[in-house]
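A short worksheet on the structure shown next.
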There are 2 protein chains.
Amino acid sequence: MSNLAVNNDTCSHGFVQASCTNCNLKGLCLPLAMDIKDIDRLNTIIQRSHPIQGGEHLYRAGDKFSSIYAVRSGSIKTYMIDDDGIEQITGFYLPGEVLGFDGIDTNNYGCNVVALETSIVCEIPFSRLEELTLQIPTLQRHFFQLMSRHIETNHQMLLTLSKKNAEGRVATLLLSLSQRYSRRKLSPNAMRLPMSRMDIGNFLGLTIETVSRIFSRLQKENIISVDGREVVINDHDRLNEICHKAR
Amino acid sequence: MSNLAVNNDTCSHGFVQASCTNCNLKGLCLPLAMDIKDIDRLNTIIQRSHPIQGGEHLYRAGDKFSSIYAVRSGSIKTYMIDDDGIEQITGFYLPGEVLGFDGIDTNNYGCNVVALETSIVCEIPFSRLEELTLQIPTLQRHFFQLMSRHIETNHQMLLTLSKKNAEGRVATLLLSLSQRYSRRKLSPNAMRLPMSRMDIGNFLGLTIETVSRIFSRLQKENIISVDGREVVINDHDRLNEICHKAR
DNA sequence: CGCCCCATTGAGACGGCTCAACTTGCGTGG
DNA sequence: CCACGCAAGTTGAGCCGTCTCAATGGGGCG
């Protein structure tokens with residue numbers, strides 16, 4: 001990417017071609033305390049790609065690992081397929097969230113990554129990132145932290161799957177999305193789910209029928225309002241109670 | 001720690017005081033391609049502590065994050081406790097495995113860590129490790145890889161909890177332990193489980209009764225032989241089939 | 001319009017949980 | 001030394017939550 005593009009808002013492709021410097025998500029995917037100078041250095045290695053359509057894969061499990069990705073807009077899911085063809089969604093990613101860390105170990109990606117809707121991602125070539133993290137201690141620390149956060153998120157998910165009943169799992173997901181949207185300055189109460197019931201069920205270890213029934217039940221009790229993928233949380237407190245209830 | 005201790009096999013405490021250089025686990029917790037010179041540098045920052053007894057905590061969730069730990073002997077479990085006091089074991093750690101990465105993000109440990117039996121761990125102060133990883137690219141890469149492997153292991157566990165029935169979960173754990181022991185040059189068929197039925201059930205999202213019943217059933221079918229914590233795997237293939245079977 | 005995909009809802013089956021009784025091994029104290 | 005208590009594990013009976021299977025409804029698109 002040419003440095004000329006830095007600080008321009010559009011480029012020849014016609015879609016937004018932003019720099020990290022003026023990206024309103026930088027508080028999420030970059031260290032808060034990072035130098036403008038260092039951000040610019042990072043900026044020069046980041047490649048911003050064309051939008052990817054919903055259903056389109058960014059990469060697949062087994063592909064040669066090359067880059068880390070940050071979601072700029074839209075939403076992404078990652079899933080693995082085991083030897084028997086069983087699929088497990090391992091995460092949903094919203095703008096500002098970073099993915100691809102599972103490829104570092106074996107040098108091949110461990111997950112499949114697919115867009116849930118039209119999305120834009122920032123690609124960070126790992127070999128160049130590694131050089132930068134050696135030079136910018138804050139940046140090394142930051143990527144250690146990002147990976148650490150991944151691990152913690154996964155631990156939380158283990159608890160959800162291991163200890164909560166169907167209602168608790170759905171409630172936990174809804175509150176997680178709500179929190180993450182509100183951190184992006186969106187309403188914590190009204191949201192459009194980027195994923196299907198199928199995806200939710202797969203992620204939470206439930207069938208789509210159970211997910212559907214839970215949604216209906218929560219609606220009947222006026223805790224949420226559901227219309228397809230549109231969800232409004234009417235009663236955060238009761239939803240929270242449901243999360244924090246053993247099975 | 002004095003450099004004088006390097007390459008000595010014992011120290012004044014009377015227990016083994018080894019260096020990484022002659023540690024037979026270094027193939028597991030250190031980069032294969034690491035310079036002797038660099039290993040020595042890492043060695044000078046590593047603190048080897050007294051053995052910790054079974055049931056004794058290495059640290060607790062919320063404690064100030066300071067170090068990464070490598071298991072030298074014995075075995076360790078990590079667990080989190082959520083707001084409602086529900087405990088979830090997040091991992092078992094065998095010699096050569098590294099833990100503590102969950103503390104990097106918030107600068108407080110996210111998990112409780114307790115020894116399952118008398119164990120020895122190597123403590124790696126993180127601030128000094130960070131300095132070294134900036135100077136030794138292989139080492140930086142290695143710790144990125146270790147964290148990446150953690151993430152992959154967790155993903156695998158999500159699949160286990162989300163998609164497998166009780167039998168599949170137990171079989172998966174047994175095979176995982178078997179593999180990990182054999183990588184440590186121990187028998188892949190006969191082992192002594194370091195954890196209780198309670199721990200197994202907690203980790204796998206099952207009750208102890210169910211775990212016990214599964215053990216009995218697998219024994220009746222001659223797939224394993226169980227005597228308390230002593231387990232012999234008689235039929236790896238059938239155990240493997242059970243793992244790879246949808247619920 | 002008709003087709004397909006996704007979602008919803010109902011009825012019945014089944015796997016794992018709950019509750020309870022019993023066994024075994026171990027440490028403690030009379 | 002045995003009696004006792006306690007913790008860990010095993011086993012059985014019945015219940016409950018989630019899955020399975022099936023039917024139906026609704027929206028997008030050729």
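Hydrogens, waters and symmetry mates are skipped; everything else that's a heavy atom, side chains included, is used. So you know, we letter chains A, B, ... as the sequences are listed, proteins then strands, and number each from 1.
Between A:Y69 and A:Y93, the ring centre distance reaches or exceeds 6.0 Å.
Annotation: side-chain hydrogen bond (donor to acceptor under 3.5 Å, both in side chains) contacts involving residues 147-158 of chain A, sequence neighbours excluded, comprise A:R149-B:D105. Pairs passing the salt bridge (Lys or Arg N to Asp or Glu O under 4.0 Å) check and including a residue from residues 51-66 of chain B, sequence neighbours excluded, do not occur. Residue pairs meeting the salt bridge (Lys or Arg N to Asp or Glu O under 4.0 Å) criterion with at least one partner in residues 204-215 of chain B, sequence neighbours excluded, are absent.
Atom-to-atom, CG of B:N165 to P of D:dC19 comes out at 13 Å; the value is rounded to the nearest Å. B:L161 places its CG atom 19 Å from the P atom of C:dG15, with the value rounded to the nearest Å. Going from atom CD of B:E209 over to atom C1' of C:dG16 covers 10 Å, rounded to whole Å. Spacing between atom CD1 of B:I208 and atom C1' of C:dC19 amounts to 12 Å, rounded to whole angstrom units. In this entry the distance linking CG of B:L206 with P of C:dT18 reads 11 Å, nearest Å.
Here A:R197 pairs with nothing under the salt bridge (Lys or Arg N to Asp or Glu O under 4.0 Å) rule; sequence neighbours left out. With sequence neighbours excluded, the residues satisfying side chain to side chain contact (heavy atoms under 4.5 Å, CB included) with A:S187 are A:N189, A:A190. Residues meeting the salt bridge (Lys or Arg N to Asp or Glu O under 4.0 Å) test with B:E241, sequence neighbours left out: none. Applying the side chain to side chain donor-acceptor pair (under 3.5 Å) criterion to A:R183, with sequence neighbours excluded, gives no partner residue. Taking the side chain to side chain contact (heavy atoms under 4.5 Å, CB included) definition, one finds that A:K77 meets it with A:Y79, A:I89, A:F92, A:V114, A:L116, A:D199, sequence neighbours left out.
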Subject >> Residue pair B:Q88, B:N202: steps toward the side-chain contact (heavy atoms from CB on, under 4.5 Å) verdict >> reply: CA-CA 6 Å; B:Q88 173 65 41; B:N202 182 299; 4.1 Å; yes
Using the 3.5 Å cut-off, write out each protein N or O paired with an N or O of nucleotides 21-27 of chain C and the distance between them.
none

Every protein N/O within reach of nucleotides 28-30 of chain D N/O, cut-off under 3.5 Å:
none

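Listed for the B:T90 side chain is a donor-acceptor partner under 3.5 Å among the backbone atoms of B:T78.
Near-neighbour residues of DNA chain C inside residues 190-204 of chain A, defined by a heavy atom below 4.0 Å, number-ordered: A:S196, A:R197, A:M198. For DNA chain D, the residues of residues 213-228 of chain B within the heavy-atom distance limit of 4.0 Å (strictly under) are B:R213, B:S216, sorted by number.
Nearest heavy-atom pair across A:L174 and A:I233 is O-CD1, 4.3 Å.
Between A:D227 atom CG and A:E230 atom CD the span is 7.0 Å, to the nearest 0.5 Å.
Across the interface with DNA chain D, nearest-nucleotide mapping of A:G205 and B:T210 shows B:T210 to be the residue nearer the 5′ end.
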